[in-house]
J.: 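Here it is, the structure, as structure tokens.
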Amino acid sequence: MKTRTLVQEKHIYLISAIVLVLTSIFSVGYYHVDEHYQLLEFAAFKLNLRVDTNLPWEYFDQIRPALQPAIVVGLYKIIGLFTTPNPFLTAFFLRLLSAGFSFLSMYLMYILYRDKISHPTLKKWFLILSFLLWFSIYNNVSII
């Protein structure tokens with residue numbers, strides 16, 4: 001019985017990974033303008049693609065963490081090694097990166113709590129909802 005459950009888990013993992021990648025490919029636009037002004041605009045400034053006079057007040061008051069813009073800068077430079085980087089390609093790879101981190105967090109959460117659920121039906125639903133809840137997948141490809 002344990003083997004059958006393990007196979008089912010692997011199927012859910014695979015389906016979830018495929019859905020996250022597809023969502024990363026077909027997602028367009030953004031949820032809120034702060035995705036640009038809090039992340040992409042700061043990265044563009046660090047890449048010398050814009051001037052600092054148009055940056056938001058958070059930059060000048062130094063209240064914005066630098067980790068996310070640094071990730072964007074690094075990704076932009078990596079893309080530049082293979083092709084001419086553009087904002088659309090960079091945003092796609094950021095969504096893909098976000099999907100990867102989200103899958104890892106879903107997996108770790110599931111592994112941490114699955115043994116605490118003893119009822120097989122509840123355990124199955126916990127597996128399915130942990131990896132395939134539609135709004136979770138939709139939100140997991142956000143670049144913020």
Side-chain angles (χ1 to χ4, degrees), residues 1-50 55-144:
M1 190 69 176
K2 180 75 174 166
T3 306
R4 184 165 186 237
T5 303
L6 183 62
V7 170
Q8 288 176 346
E9 283 182 15
K10 287 183 180 180
H11 285 111
I12 296 296
Y13 299 156
L14 180 62
I15 292 168
S16 177
I18 290 169
V19 170
L20 281 167
V21 168
L22 288 174
T23 306
S24 297
I25 292 169
F26 292 109
S27 290
V28 293
Y30 52 87
Y31 300 124
H32 195 274
V33 294
D34 278 351
E35 289 181 38
H36 294 284
Y37 290 113
Q38 300 296 323
L39 178 65
L40 299 176
E41 293 294 322
F42 290 174
F45 172 69
K46 292 297 181 186
L47 291 164
N48 295 321
L49 299 174
R50 64 171 297 120
L55 289 174
W57 64 272
E58 290 94 345
Y59 179 79
F60 300 105
D61 288 348
Q62 298 180 351
I63 64 167
R64 178 76 178 141
L67 179 62
Q68 288 176 317
I71 291 170
V72 175
V73 169
L75 184 64
Y76 189 88
K77 288 181 179 182
I78 290 170
I79 293 170
L81 295 173
F82 301 101
T83 185
T84 303
N86 65 61
F88 303 106
L89 189 61
T90 304
F92 164 69
F93 279 113
L94 286 171
R95 288 192 302 268
L96 203 57
L97 184 65
S98 180
F101 283 131
S102 296
F103 182 84
L104 178 63
S105 68
M106 290 184 296
Y107 176 76
L108 293 175
M109 182 195 71
Y110 176 71
I111 295 300
L112 181 66
Y113 290 108
R114 74 176 171 191
D115 294 333
K116 298 185 186 323
I117 301 172
S118 58
H119 195 279
T121 304
L122 291 177
K123 188 177 277 195
K124 178 181 170 185
W125 277 107
F126 179 60
L127 171 68
I128 292 168
L129 292 175
S130 292
F131 287 92
L132 297 174
L133 196 60
W134 74 268
F135 57 83
S136 178
I137 288 176
Y138 179 75
N139 286 326
N140 285 343
V141 299
S142 172
I143 61 172
I144 268 211

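Residue numbers run from 1 in the order of the sequence given.
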J.: Enter the distance from E9:CD to R114:CZ here, rounded to the nearest 0.5 Å.
T.: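 Spacing of CD (E9) from CZ (R114) equals 4.5 Å.
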J.: Could you tell me if the side chain of Y76 sits less than 4.5 Å from the side chain of F93, heavy atoms only?
T.: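 The answer is no; the side chains never approach within 4.5 Å.
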J.: With the side chain counted from C-beta on, respond yes when I25 and R95 share a heavy-atom pair under 4.5 Å apart, and no when they do not.
T.: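 Sidechains of R95 and I25: no contact.
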J.: If you draw a 6.0 Å radius around OH in Y107, do more than 12 non-hydrogen atoms from other residues or ligands fall strictly inside?
T.: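 No, not enclosed.
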J.: Distance from S105 atom OG to N140 atom CG, nearest 0.5 Å?
T.: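 If we round to the nearest 0.5 Å, S105:OG and N140:CG are 6.5 Å apart.
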J.: Between L127 and Y13, is any pair of side-chain heavy atoms under 4.5 Å apart?
T.: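 With C-beta onward as the side chain, the pair touches.
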J.: Is there side-chain contact between L112 and L108, with at least one heavy-atom pair below 4.5 Å?
T.: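 Answer no - side chains too far apart.
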J.: Ignoring hydrogens and angles, tell me if any N or O in the side chain of S98 forms a donor-acceptor pair with the backbone of L94 under 3.5 Å.
T.: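 Such a contact is absent between S98 side chain and L94 backbone.
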J.: How about F60: does its CZ atom have over 12 heavy atoms from other parts shown lying under 6.0 Å from it?
T.: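 Count over threshold, so yes.
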J.: To the closest 0.5 Å, what do you measure between CD1 (I79) and CZ (F92)?
T.: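 So the CD1 of I79 and the CZ of F92 are separated by 9.5 Å.
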J.: Quick check against the 3.5 Å criterion: does S27 have a side-chain atom that pairs as donor or acceptor with the backbone of S24?
T.: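 Side chain of S27 to backbone of S24: no pair is present.
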J.: Considering all heavy atoms of both residues, which atom of M106 and which atom of S130 are nearest to each other, and what is their separation?
T.: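 Distance-wise, the nearest heavy atoms are SD-O, 3.2 Å.
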J.: Should the pair W134 and Y138 be assigned to parallel (<30°), tilted (30 to 60°) or perpendicular (>60°) ring geometry?
T.: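 Judged by the thresholds at 30° and 60°, the geometry between W134 and Y138 is tilted.
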J.: Any non-hydrogen side-chain atom of K46 less than 4.5 Å from a side-chain atom of P69?
T.: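 Result no, sub-4.5 Å side-chain heavy-atom pair not found.
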J.: Indicate the ring-plane relationship of Y110 and F131, choosing parallel, tilted or perpendicular according to the 30° and 60° boundaries.
T.: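 Ring orientation of Y110 relative to F131: perpendicular.
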J.: Give, for atom OG1 of T90 and atom NZ of K77, the distance between the pair rounded to the nearest 0.5 Å.
T.: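 The distance works out to 13.0 Å.
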J.: Search all heavy atoms of V19 against all heavy atoms of T23 and return the closest pair with its distance.
T.: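 So the two residues come closest at O-OG1, 2.7 Å.
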J.: Which heavy atom of L133 sits nearest a heavy atom of L129, and at what distance?
T.: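 Closest approach of L133 to L129, heavy atoms only: CB-O, 3.4 Å.
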